[in-house]
Amino acid sequence: MQARMRAMVCDGPGQALRMRHLPVPSPGPGQLLVKVVACGVCRTDLHVLDGELPGIAYPVTPGHEVVGTVERRGVGVTALAVGARIGVPWLGYSCGLCADCREGRENLCATARFHGYTLPGGYADYMLADARYAFALPALLDDVHSAPLMCAGLIGQRALNKAGHARKIGLFGFGAAAHLICQVCVGQGREVYALTRPGDTAAQAFARELGAVWAGDAKPPCLLDAVLIFAPAGELVPLALSSVRRGGAVVCAGIHMSDIPSFPYALLWGERRVESVANLTRQDALDFLAAASTLPLQVHVRAYPLADANRALDDLRHGRLQGAAVLVPGLT
């Protein structure tokens, strides 16, 4: 009888996850069978469940912030040994041939595939991964605390890179990604200004604890050099533009955002710019993991058993988390 595994599966947009018992997959050429030890819960998972991303083929198993061990290797895999501790992020495949891939922008590849969206993800006991898109993890943090680095950390770093040498940085939306990149900014000697949901004094206190010089739910008290928007709220874009100096940048770091309302051209004038972060590259992962190894990074997590994935997602949706939620299949 073929071995079975648990997987939390969404059967259609707007539906809660349900646990299914599926056959453990076999790795094909170039693939790894990964035993999932921890999987972070990301806001993108909510967008998948809510049907807000294009081309979702239900049923789908979410999850793209995976820490696990190599259980089996497919033909041709030599770089990662059986038993190796690895991370598996959002990007699971790119063609390597198109203009974007050849120019180092595999995150924009038109045929890219993504774990937990167009590939089965880590809300399960096991998953498959292309060995070229998995990473040996340094022994910086334990498995549960490493999981959020695989998306929240990587996307936060990519957004920060687009801000250049900005000294005064606004973080609009203070969740999993912002709480990590706040520490990176503070470690680099930048000033952090954190904007939270109205009345969320707990998140504001959390931001100040991590080194933010200001935290509140209204416009920051001074003009900033750049704002990174992590909340999927389009109405924050005009506010962010009004908060940055001439020549400043507003970086939208989410894969999905509600519509941006109209705003006067005066907010954009003065060579202010608005740009987005789309996915990530393998080099982003290598760069961030190398940078993280030099910081005393505090990763704040709340662990949930795999069967409680719906509760973790609901806590994320309603802002009941400080830091990140992580599913742990071995937790009961």
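In what follows, every heavy atom counts, from backbone to side chain, and hydrogens, waters and symmetry copies are set aside. We number each residue from 1, following the sequence as shown.
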Any donor-acceptor pair under 3.5 Å linking the side chain of [X] with the backbone of [Y]?
| X | Y | value |
| --- | --- | --- |
| Thr196 | Gln204 | no |
| Ser146 | Leu141 | yes |
| Arg85 | Pro138 | yes |
| Lys219 | Ser242 | yes |
| Arg73 | Leu80 | yes |
| Asp142 | His145 | yes |
| Arg311 | Asp308 | no |
| Asn107 | Ala278 | yes |
| His179 | Ala176 | yes |
| Gln15 | Leu49 | no |

- Does the ring centre of Phe206 sit less than 6.0 Å away from the ring centre of His300? yes

- Query: Taking the six-membered ring for Trp, is the centroid-to-centroid distance between His47 and His256 below 6.0 Å?
  - Reply: yes

Where is the tightest heavy-atom contact between [X] and [Y], given as atom of each residue plus distance?
| X | Y | result |
| --- | --- | --- |
| Pro329 | Arg6 | O-NH2, 2.8 Å |
| Val144 | Ala38 | CA-CB, 4.0 Å |
| His64 | Cys39 | N-SG, 4.1 Å |
| Ala218 | Leu195 | O-CD1, 3.0 Å |
| Ala7 | Thr61 | CB-OG1, 4.2 Å |
| Leu154 | Ala285 | CD2-CA, 3.5 Å |

- Query: Asp11 and Arg18: side-chain contact (heavy atoms from CB on, under 4.5 Å), yes or no, with the steps?
  - Reply: CA-CA 8 Å; Asp11 290 316; Arg18 65 187 183 96; 2.4 Å; yes

- Charged N-O contact under 4.0 Å between Asp130 and Arg113: no

- Message: Can you see whether Tyr133 engages Ser94 through a side-chain donor-acceptor pair at a distance of less than 3.5 angstrom?
- Response: yes

- Message: For a quick check under 3.5 Å, do Tyr304 and Asp315 share a side-chain donor-acceptor pair by atom type?
- Response: yes

Single-linkage hydrophobic cluster, 4.5 Å side-chain cutoff, [X] and [Y] together:
| X | Y | result |
| --- | --- | --- |
| Leu171 | Ile155 | yes |
| Leu137 | Val88 | no |
| Val192 | Leu228 | yes |
| Val301 | Met150 | no |

- Minimum side-chain heavy-atom gap Val36-Met127 below 4.5 Å: yes

- Side chain to side chain, Arg132 and Tyr93, heavy atoms closer than 4.5 Å: yes

How far does [atom1] of [X] sit from [atom2] of [Y], to the nearest 0.5 angstrom?
| X | Y | atom1 | atom2 | answer |
| --- | --- | --- | --- | --- |
| Leu53 | Phe114 | CG | CZ | 10.0 Å |
| Tyr193 | Ile169 | OH | CD1 | 11.0 Å |
| Arg197 | Phe172 | CZ | CZ | 15.5 Å |
| Ser276 | Ile229 | OG | CD1 | 11.5 Å |
| Arg20 | Met8 | CZ | CE | 12.0 Å |
| Asp45 | Asp50 | CG | CG | 10.5 Å |

- Of Arg246, Lys168, Arg245, Arg190, the one forming a salt bridge (Lys or Arg N to Asp or Glu O under 4.0 Å) with Asp225 is Arg245

- Message: Could you walk me through whether Glu235 and Ser258 satisfy the side-chain contact (heavy atoms from CB on, under 4.5 Å) test, starting with their C-alpha distance in whole Å, then the side-chain angles of each, then the deciding distance to 0.1 Å, before giving a yes or no?
- Response: CA-CA 8 Å; Glu235 65 269 21; Ser258 61; 3.7 Å; yes

- Item | Pair Gln157-Val184, side-chain contact (heavy atoms from CB on, under 4.5 Å): steps then yes or no | CA-CA 8 Å; Gln157 184 65 55; Val184 173; 4.0 Å; yes

- Task: Give the C-alpha distance, both sets of side-chain angles, the deciding distance and a yes or no for side-chain contact (heavy atoms from CB on, under 4.5 Å) between Asp125 and Leu306.
- Result: CA-CA 9 Å; Asp125 290 315; Leu306 179 63; 4.2 Å; yes

- Item | Heavy atoms of other groups near Glu271 CD, more than 12 under 6.0 Å | no

